[in-house]
Visitor: 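To start, I am sharing the structure in question, which I have written as structure tokens.
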Amino acid sequence: MKELIFSRIFLSLILLSSFSPAIARGGELTSLSSGLRNISYAGSTRRLFQENQSQSSVDKAHGYMTNADLEKAIMEFARRCSNISRIYSIGKSVNGVPLWVIEISDKPGKEEAEPAFKFIGNVHGDEPVGRELLILLANWICDNQMKDPLARLIIQNVHLHILPSMNPDGFSIKRRGNANNIDLNRDFPDQFSPLNDDEDMRQPETRAIMNWLKEIHFTASASLHGGALVANYPWDGTPDRKSHYFSCPDDETFRFMASTYSRSHYNMSLSTEFQGGITNGASWYPIYGGMQDWNYIYAGCFELTLEISDNKWPDAKELPIIWEYNRMSMLNLVASLVKTGVHGRIFSSDSGRPLPGFIMIKGINYTVKAGRAFADYHRMLAPEGKYQVVATVPGYKLKTTSIWLGAEATTVDFILDPEVTPGDGKLLKSICDCNNEREARRVLAGFFWGPHLEIYFVLAVILAFLCILLQRRIKSNLSRSRQITKRSIVV
Ligand SMILES: *[C@@H]1O[C@H](CO)[C@@H](O)[C@H](O)[C@H]1NC(C)=O
Ligand SMILES: *[C@@H]1O[C@H](CO)[C@@H](O)[C@H](O)[C@H]1NC(C)=O
Ligand SMILES: *[C@@H]1O[C@H](CO)[C@@H](O)[C@H](O)[C@H]1NC(C)=O
Ligand SMILES: [Zn+2]
């Protein structure tokens, strides 16, 4: 263990000497706006030294929910809005505080062929605006579920998961890092740095997020920070560790998503510092081990890092106005998951079964996975473009279709044909393309070599007949569902 720590410190020192000094995402505005990047945290990129606590803690916290208040607010929400929500915990902080999540949906906890979105607040303990706003957001959606079309759209078509505080321990001591003084937004595995590859060193809060994303497939997400006013998108890091624009394969998609947020905001898009109120993370300042890049690379989730107030810890009486400034942005970002992009499901042509395969867009080096149960996929894309959508499933012939994506979402369902390998299994497949292949094979084997030849022959014919019937049913069902959703395409 000691050795491990030493080697880590050694590694950190090596990396520090090659890293350009990066202050925290959501760092001090003064140094950022002047374009200078003075180091405000000494030590390794992960371990933080104690910061000066300028203001008296009591003043700062006045009007903000304590961790106990937050838990109470979550439980009260759950009681009041049980028709559209459920509460669950994804783990505990270092000091044992549960990391509560509110899920908002008309079928909370049920798997549906719908995209999921997550909001995470208070990643940094000293940036508490997000946790307040997320409780306001949940309650606003609940209060407006009958009156507001966006609230209704989100409840009916999205599974919205809200983690108000990822770092309750840091919050309670008004410090950026967690109880071990680790910056959680530097604790994730990184594409360019091996710094966080050691699982044993991972913080419980980070681990909770990583396990959460194994359970739930999120289409997109946002984490809420403070200290600036900008929507930040991948990449956050660069291979040469220098600060410059470094675009990810989905640069256009991310610019669209970030702009969706900034343009719906009261004045984020009017920024003089960031054009349009959005920024590529690395062109602002590179970070390594951040949650955003990890989401996109390892979890198939399009994540933004939202800096929602210049002041990290504003006076609590400003919270209602900050909420008003951000309300439409938050709602529109979540709603963009169903109002834009390409969506659909993947089926097999032989059995009609959903096939949890993959969706790719020609020219974009990124793969989106379809859902496990319903094989539904939700591909965020910049609108007003021509795209070639490719569906692949191992063992099936891939299919490509060209679409013109306008301002609205498009639905494309794929029906894939099994690959017919010459020789083995060909005869079987031509007789019956049923999903119960093993049964059919058994029947056929019996037909050729069994003692009761006639009986097996009759059985095989019946089986083939049933399969043809089944296929017809599937096809007619699909064409019927096509008629309901006008924009839907089946290929
Ligand atoms: C860093 O901070 C010091 C004062 O703390 C200042 O003199 C210096 O100009 C700053 N900028 C850079 C780039 O070092
Ligand atoms: C946005 O409005 C707030 C409150 O009026 C103000 O403090 C801030 O400077 C404004 N920011 C921009 C980029 O206009
Ligand atoms: C596509 O991305 C992967 C990493 O996800 C990378 O290894 C590969 O080289 C990329 N391919 C191209 C053609 O850029
Ligand atoms: Zn932050």
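Each ligand, and each atom within it, is numbered from 1 in the order the structure gives.
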Visitor: Return the residue, atom name and 0.1 Å-rounded distance of the protein heavy atom closest to atom 5 (O) of ligand 2.
Guide: Tyr325 OH, 3.8 Å

Visitor: Below 30° counts as parallel, above 60° as perpendicular, anything between as tilted: where do the rings of Phe254 and Phe302 land?
Guide: parallel

Visitor: Is Glu127 close enough that one of its N/O/S atoms sits under 2.8 Å from the Zn ion (ligand 4)?
Guide: yes

Visitor: Look at atom 9 (O) of ligand 2 and say which protein heavy atom is nearest, naming residue and atom and giving the distance to 0.1 Å.
Guide: Asp310 OD2, 4.3 Å

Visitor: List ligand 2 atoms under 4.0 Å from Tyr266, heavy atoms only on the residue side.
Guide: 2 (O)

Visitor: Between ND1 of His225 and ND1 of His124, what angle is found at the Zn ion (ligand 4), rounded to 10 degrees?
Guide: 100°

Visitor: Parallel, tilted or perpendicular, judged at 30° and 60°: which one describes the rings of Tyr296 and Tyr366?
Guide: parallel

Visitor: Quick check on atom 7 (O) of ligand 3 - does any protein heavy atom sit closer than 4.0 Å to it?
Guide: no

Visitor: Are Lys118 and Glu303 close enough for a salt bridge, meaning some N to O gap below 4.0 Å?
Guide: yes

Visitor: How about atom 3 (C) of ligand 3: does it have a protein heavy atom within less than 4.0 Å?
Guide: yes

Visitor: Just go through Asn365, Ile297, Thr367, Ile364 and tell me whose heavy atom is the nearest to atom 11 (N) of ligand 3.
Guide: Asn365

Visitor: Inspect the contact between Arg255 and Glu252 and indicate whether a charged nitrogen and a carboxylate oxygen are less than 4.0 angstrom apart.
Guide: no

Visitor: Are any of the N/O atoms on Asn267, whether in the backbone or the side chain, positioned under 3.5 angstrom from an N/O atom of ligand 2?
Guide: yes

Visitor: In terms of the angle between their ring planes, are Phe171 and Trp313 parallel, tilted or perpendicular, with boundaries placed at 30° and 60°?
Guide: parallel

Visitor: Does a side-chain N-to-carboxylate-O contact under 4.0 Å join Asp126 and Lys312?
Guide: yes

Visitor: Between Arg207 and Glu199, is the closest basic N to carboxylate O distance under 4.0 Å?
Guide: no

